[in-house]
Asks: 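Following this message is one structure expressed as structure tokens.
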Amino acid sequence: MSTDETEGAGGRDTTTGKREYRMADLAREAGITVRTLRFYRERGLVPPPRREGRIAWYDGTHLTRLRTITALLERGHTLGGIADLLAAFEGGRDVAELLGLDGASPTPWSRETPVRLGAEELADTFAGQVTAENLAAALDIGYLAVDGEEFVHVSRRLLDASTELVRAGVPLSAVLEAGRRVRAHADALAEIFTDLIRTHARPEHTVRTLEQLRPVSQTVVDAEVSMAMDRHIRANADTWTQDTAPREDATHRGTTST
DNA sequence: ATTCTTACA
DNA sequence: TGTAAGGA
């Protein structure tokens, strides 16, 4: 019982140096009991270990998984919720590869900077709204991808926007649904601009002109959305001035002269 | 004999 | 989730 082998305990791969743990070792490292480890495994929260006869060998991924579970548990999540989250977690694995986010993909076609997030960091950002449904929706839209034991948001700007909306009281599910609708309209807008060039520019100049079109189209959309927001804010102002903006009407006077 | 599972509390 | 009993 007094074998204090902190690093050399258990079996380890001599070629890669990956540590492996037997049940008691892993449980001790994760700060849980063996019974709890078994409990998690029965519910699918922990992937099956490598079986060598009757001995179960766990590795570092199991350890990080257990630490994730513990962190989520301390944050108030239920075991069932964690199970759902981890299920979606696994389900999005191929999404990251599809987007080329886990490897060294240059992604020259996107100017958005990805953001890496730990699972608990993500849960903390959206304050208990990271349900399996929301996670699945975020993965489906392409906002979120999974890389190893971490999440990757495809756009810092969109992540910040989502965070701001949620903090303003908008449910995350509604934010995601809105994002889905915006995505559809954005696609339609991009189609308008690209079609414009495809039909009017000569084929050999098409690609280059499309790239030049990017900032122009963004400017047009930005201006149009800005003006449209003006119109809609004014149109609905009387509806929600009661609890949001008590008395501010003079600021929306001179908008645009059309 | 050790390690893990089953079953019971 | 702890513990005792049993299979390999």
Side-chain angles (χ1 to χ4, degrees), chain A residues 1-97 102 116-140 144-153 163 166-167 171-173 176:
Chain A
M1 58 165 71
S2 57
T3 53
D4 299 273
E5 306 179 58
T6 50
E7 289 298 311
R12 60 182 188 276
D13 196 328
T14 53
T15 54
T16 61
K18 288 178 183 176
R19 273 191 68 184
E20 288 197 320
Y21 312 81
R22 61 187 191 278
M23 273 192 117
D25 256 343
L26 182 71
R28 188 164 297 181
E29 289 288 329
I32 60 176
T33 67
V34 178
R35 182 71 180 91
T36 307
L37 170 59
R38 161 159 298 286
F39 202 75
Y40 291 165
R41 224 198 76 53
E42 288 172 0
R43 309 213 166 177
L45 283 92
V46 174
R50 183 176 66 87
R51 277 298 170 79
E52 183 177 316
R54 357 187 189 314
I55 301 192
W57 290 106
Y58 297 89
D59 56 21
T61 66
H62 296 97
L63 183 56
T64 56
R65 169 61 60 88
L66 288 175
R67 294 204 171 119
T68 301
I69 294 173
T70 303
L72 291 173
L73 226 42
E74 288 174 350
R75 228 207 124 275
H77 283 76
T78 172
L79 276 181
I82 295 175
D84 292 340
L85 181 127
L86 291 176
F89 193 90
E90 302 287 337
R93 191 167 275 279
D94 45 338
V95 178
E97 298 173 359
D102 56 335
R116 302 186 93 86
L117 296 166
E120 46 181 325
E121 193 177 353
L122 184 70
D124 197 60
T125 301
F126 294 106
Q129 295 195 55
V130 186
T131 64
E133 291 77 16
N134 287 339
L135 204 52
L139 291 169
D140 187 54
L144 225 52
V146 179
D147 176 28
E149 294 292 332
E150 285 184 323
F151 289 96
V152 178
H153 198 290
T163 305
V166 168
R167 280 181 183 167
L172 181 56
S173 57
L176 292 171

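Just so you know, these numbers come straight off a predicted model, no measurement behind them. In what follows, chains are A, B, ... by sequence order, proteins preceding strands, each numbered from 1.
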Asks: Who are the side-chain contact (heavy atoms from CB on, under 4.5 Å) partners of A:R41, not counting sequence neighbours?
Replies: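 Partners of A:R41 under the side-chain contact (heavy atoms from CB on, under 4.5 Å) test: A:V46, A:P48, A:P49, A:Y58.
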
Asks: Specify the separation, in whole Å, of atom CD1 of A:I69 and atom P of C:dT1.
Replies: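 Computing the A:I69:CD1 to C:dT1:P distance gives 11 Å.
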
Asks: Roughly how far, to the nearest 0.5 Å, is the CZ atom of A:F126 from the CD atom of A:E121?
Replies: 11.0 Å

Asks: From A:F151 CZ over to A:L139 CG, what is the distance, rounded to the nearest 0.5 angstrom?
Replies: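 Answer for the CZ-CG pair, A:F151 versus A:L139, is 7.0 Å.
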
Asks: For A:R43, which residues count as a side-chain contact (heavy atoms from CB on, under 4.5 Å) partner, sequence neighbours excluded?
Replies: A:F39, A:L45, A:L79

Asks: To the nearest angstrom, how far is A:Y40 atom OH from C:dG2 atom C1'?
Replies: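 Rounded to whole Å, this separation is 14 Å.
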
Asks: Please list, for nucleotides 4-8 of chain C, all pairs of protein and nucleotide N/O atoms separated by less than 3.5 Å.
Replies:
from	atom 1	to	atom 2	distance (Å)
C:dA8	O3'	A:R54	NH1	3.4
C:dA8	N3	A:R54	NE	2.9

Asks: By side-chain hydrogen bond (donor to acceptor under 3.5 Å, both in side chains), which residues pair with A:T163, not counting sequence neighbours?
Replies: none

Asks: Round to a whole Å and report the spacing from CD of A:E42 to C1' of C:dT1.
Replies: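 After rounding, the gap between these two atoms is 11 Å.
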
Asks: Of the non-hydrogen atoms in A:A137 and A:L176, which two are nearest, and what is the gap between them?
Replies: CB-CD1, 4.0 Å

Asks: Starting from C1' on B:dA1, measure out to CZ on A:R22 and report it in whole angstrom.
Replies: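 Atom-to-atom, A:R22 to B:dA1, this comes out as 14 Å.
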
Asks: Could you pull out all residues at least two apart from A:E52 that satisfy salt bridge (Lys or Arg N to Asp or Glu O under 4.0 Å)?
Replies: A:R50

Asks: Indicate whether OP1 or OP2 belonging to C:dT1 is found under 4.0 Å from a side-chain N or O atom of A:T33.
Replies: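 It does not, given that no N or O in the side chain of A:T33 lies less than 4.0 Å from OP1 or OP2 of C:dT1.
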
Asks: As an exercise, state the distance from CG of A:L135 to CG of A:L172, rounded to the nearest 0.5 Å.
Replies: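 Here the rounded value is 9.5 Å.
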
Asks: Starting at atom CZ of A:F39, determine the distance to atom P of B:dC4, rounded to an integer number of angstrom.
Replies: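 So the two atoms are 19 Å apart, to the nearest Å.
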
Asks: Round to a whole Å and report the spacing from CE of A:M23 to P of B:dT3.
Replies: 12 Å

Asks: Under a 3.5 Å cut-off on both pairing distances, which runs of 3 or more consecutive Watson-Crick or G-U pairs involve DNA chain C?
Replies: B:4-9 with C:1-6

Asks: When the distance from CZ of A:R35 to P of B:dC4 is rounded to whole Å, what number comes out?
Replies: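 It is 15 Å, rounded to the nearest whole Å.
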
Asks: Rounded to the nearest 0.5 Å, how far does OH of A:Y21 lie from NE2 of A:H62?
Replies: 11.5 Å

Asks: Grab the CG-P distance between A:L37 and B:dT3 for me, whole Å please.
Replies: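 These atoms are roughly 15 Å apart.
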
